[in-house]
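All remarks here apply to the structure that follows.
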Amino acid sequence: MQRLSVSALLAASMLALAACSSKPAAELPHAPAVSTSLPSQRGDFGPPQGEPIQAVLTSPPNVPPPIHRNYPAKVIVELEVVEKEMPISEGVSYTFWTFGGTVPGSFIRVRQGDTVEFHLKNAPDSKMPHNIDLHGVTGPGGGAASSFTAPGHESQFTFKALNQGIYVYHCATAPVGMHIANGMYGLILVEPPEGLSPVDHEYYVMQGDFYTTGKYREKGHQPFDMEKAIDEHPTYVLFNGKEGAITGDNALAAKTNETVRLFVGNGGPNLVSSFHVIGEIFDKVQPEGGTHPQENVQTTLIPAGGAAIVEFHTDVPGSYVLVDHSIFRAFNKGALGILKVDGPEDKLVYSGKEVDSVYLGDRSEPNLKAVSVAAQAHAAGTQTKEEQVAAGKQLFTGTCSVCHQDNGEGLANVFPPLAKSDYLAADPQRAISVVTHGLSGKLTVNGHEYDSVMPPMAQLTDDEVANILTYVLNTWGNPGGRITKEDVARERAKPAPANAHKEEH
Ligand SMILES: [Cu+2]
């Protein structure tokens with residue numbers, strides 16, 4: 001087998017060589033004219049012409065404007081590494097290491113054949129040395145060896161952008177995985193000489209997996225967890241480095257009847273992304289950032305350290321949800337974004353009625369501010385019942401409301417009411433166990449019998465359970481009272497009662 005594949009490779013490369021040498025060599029320096037028929041041709045179009053150009057760098061989700069040049073130029077890129085604390089979720093902070101102050105790093109756009117003079121600076125207050133490996137560079141380490149930069153220093157190297165495509169760049173300083181896990185990646189687009197087709201919107205979205213010592217959404221500052229990273233058990237899987245980076249007020253925007261191009265990267269460090277936009281079909285995808293497009297695609301796989309260009313047309317208004325279709329990552333680890341399309345309905349294409357709240361739960365209401373306010377107040381020892389209620393209300397939506405409904409009325413014969421529930425009023429502390437351990441078997445609420453199963457809400461932290469139950473106790477005419485984080489911790493530590501939800505194996 002081994003020998004077969006080696007000889008097959010040899011034959012293939014000989015064929016490729018033959019194909020190359022059959023091209024008149026004179027064609028190569030004047031590539032723009034021939035490049036449409038040879039889209040993957042390497043782009044040494046000769047020495048740079050004209051004055052050097054300072055590259056426009058943009059922060060996600062923005063993309064620098066298209067290049068309308070028809071000659072190769074010298075392009076100067078200045079990128080600064082900044083280590084900084086930023087929110088990773090509402091009320092949760094993380095020390096990111098960044099290219100240009102954002103995760104993912106600044107978007108770089110050059111033209112095939114350009115000579116790129118790259119300046120990598122490392123901010124004086126950095127604690128670590130860093131470097132950069134650009135997948136669009138031909139040369140050892142993709143620039144890594146030439147760009148190792150201590151805090152307060154600057155490195156410079158030059159490369160020719162020989163191949164067109166969308167490429168990941170990342171830090172490659174040891175421990176490499178840790179530098180990438182802390183957010184050190186971004187995209188560089190090498191436009192074909194004739195440019196990309198014009199579209200109405202271009203956006204920059206990049207997935208990454210993150211590893212914190214605390215649980216998902218556990219409040220406060222969260223350090224990097226090397227063990228979880230090695231085990232490939234991410235706490236967060238995110239688009240653009242923060243839960244909610246592209247939802248709510250930060251959602252990507254378009255109008256109906258427009259064309260949208262997404263440059264979608266995946267920094268990893270570990271996971272591959274099954275990138276999907278709920279409610280859209282990709283008219284065109286350049287999988288793996290390669291040259292030959294695929295058409296009419298639902299979900300495209302983006303490897304760690306890879307990227308794709310995705311294009312589609314907007315027909316119907318509404319919220320389109322960007323997800324990693326490894327779907328627990330979307331709804332339980334944060335890999336979720338929104339493209340908000342405004343414009344008139346087209347009932348012929350879609351009958352109407354937005355379904356995003358069904359899909360999104362608490363994420364359709366992205367304002368979790370009350371949750372972090374409550375957490376901060378708790379840390380300071382000043383938390384009021386009102387703060388708990390406000391936070392609990394946010395968390396109830398999409399967690400408990402799925403079954404017990406937004407108004408707490410439940411659903412007849414299936415989900416018991418929480419509104420004016422005599423079962424709840426009889427023993428509010430018992431409700432803690434219901435949430436943390438689940439509940440099964442017969443029970444009577446307000447004279448009606450239920451014999452169903454509530455799974456344990458194990459994803460909720462102690463303060464989240466406390467806030468939700470305090471909200472429930474103080475709403476819909478329930479008796480009031482307060483549940484604390486300590487109450488929950490105590491109840492959670494106890495063995496599950498006999499009527500807890502039992503796992504079936
Ligand atoms: Cu680094």
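As the structure is a computational prediction, the values presented were derived from the model and not from experiment.
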Residues Leu271, Val237; criterion side-chain contact (heavy atoms from CB on, under 4.5 Å); working and verdict = CA-CA 9 Å; Leu271 302 186; Val237 181; 3.6 Å; yes

query = Does the side-chain contact (heavy atoms from CB on, under 4.5 Å) test come out yes or no for Val103 and Tyr185, once each step is laid out?
reply = CA-CA 7 Å; Val103 177; Tyr185 44 75; 3.8 Å; yes

inquiry  = Lys255 vs Val341, test: side-chain contact (heavy atoms from CB on, under 4.5 Å). Steps then yes/no.
reply    = CA-CA 5 Å; Lys255 295 196 178 60; Val341 176; 5.7 Å; no

query = Phe396 and Leu469: side-chain contact (heavy atoms from CB on, under 4.5 Å), yes or no, with the steps?
reply = CA-CA 9 Å; Phe396 184 88; Leu469 288 175; over 6 Å; no

key: Full working for side-chain hydrogen bond (donor to acceptor under 3.5 Å, both in side chains) between Asn182 and Tyr94   = CA-CA 9 Å; Asn182 284 341; Tyr94 186 82; 2.5 Å; yes

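Looking at Ser274, its side chain never comes within 3.5 Å of a backbone N or O of Ser326 through a donor-acceptor pair. Side-chain atoms of Ser440 come within 3.5 Å of backbone N or O of Ala500 as a donor-acceptor pair. Panel note: side chain Gln222, backbone Gly214; a donor-acceptor pair is recorded below 3.5 Å. Listed for the Asn446 side chain is a donor-acceptor partner under 3.5 Å among the backbone atoms of Lys420. The main-chain N or O of Val92 is never found under 3.5 Å from a side-chain atom of Ser89 such that the two would form a donor-acceptor pair. The main-chain N or O of Thr58 is never found under 3.5 Å from a side-chain atom of Asn62 such that the two would form a donor-acceptor pair.
One finds a salt bridge joining Arg261 and Glu202 here, because a Lys/Arg side-chain nitrogen approaches an Asp/Glu carboxylate oxygen to under 4.0 Å. Between Asp324 and Arg329 a salt bridge is recorded (basic side-chain N to carboxylate O distance below 4.0 Å).
Between His179 and His170, the side chains place no donor N or O within less than 3.5 Å of an acceptor N or O (distance only, hydrogens not considered). Side-chain contact, Glu85 with Thr95: no donor N or O sits under 3.5 Å from an acceptor N or O. Side-chain contact check for Glu258 and Thr314: no donor-acceptor pair (N or O, by modelled atom type) lies under 3.5 Å. There is a side-chain donor-acceptor pair under 3.5 Å between His221 and Ser93. No hydrogens or angles considered: a donor-acceptor pair under 3.5 Å links the side chains of His276 and Thr299. For the residue pair Gln286/His292, the side-chain donor-acceptor check at 3.5 Å is not satisfied. Between Tyr211 and Asp231, the side chains place no donor N or O within less than 3.5 Å of an acceptor N or O (distance only, hydrogens not considered). Side-chain contact check for Asn467 and Thr470: no donor-acceptor pair (N or O, by modelled atom type) lies under 3.5 Å. Side-chain contact annotation: Tyr216 with Glu243, donor-acceptor N/O pair under 3.5 Å present. With no hydrogens or angles considered, no side-chain donor-acceptor pair links Ser273 and Asn266 at under 3.5 Å.
Shown here for Val168 and Gly306, the closest heavy-atom pair between the two residues is CG2-O, 3.3 Å. The nearest pair of heavy atoms linking Met128 to Pro151 is O-CG, 3.6 Å. Thr256 and Asp315 get closest at one heavy-atom pair: CG2-O, 3.8 Å.
For the ring-ring contact (aromatic ring centres under 6.0 Å, His included) test with Phe107, the passing option among Tyr169, Phe99, Tyr204 is Tyr204; the others fail. When each of Glu409, His448, His404 is checked for a side chain to side chain contact (heavy atoms under 4.5 Å, CB included) with Pro416, only His404 meets the rule. Of the options Lys219, Arg217, Lys215, a salt bridge (Lys or Arg N to Asp or Glu O under 4.0 Å) to Glu464 is made by Lys219 and by none of the others.
Taken to the nearest 0.5 Å, the CG atom of Asp200 stands 8.0 Å off from the NE2 atom of His313. Atom CD1 of Ile166 is separated from atom CD1 of Ile302 by 10.5 Å, given to the nearest 0.5 angstrom. To the nearest 0.5 Å, the span separating OG on Ser126 from NZ on Lys84 amounts to 11.5 Å. Rounded to the nearest 0.5 angstrom, Asn131 CG and Met184 CE are separated by 8.0 Å. Taken to the nearest 0.5 Å, the CD atom of Gln388 stands 8.0 Å off from the OG1 atom of Thr384. Here Lys442 contributes atom NZ and Asp451 contributes atom CG; the two are 5.0 Å apart, rounded to the nearest 0.5 Å.
Under a cut-off of 6.0 angstrom, the local environment of CD in Glu449 is crowded, with over 12 non-hydrogen atoms contributed by other residues, nucleotides or ligands.
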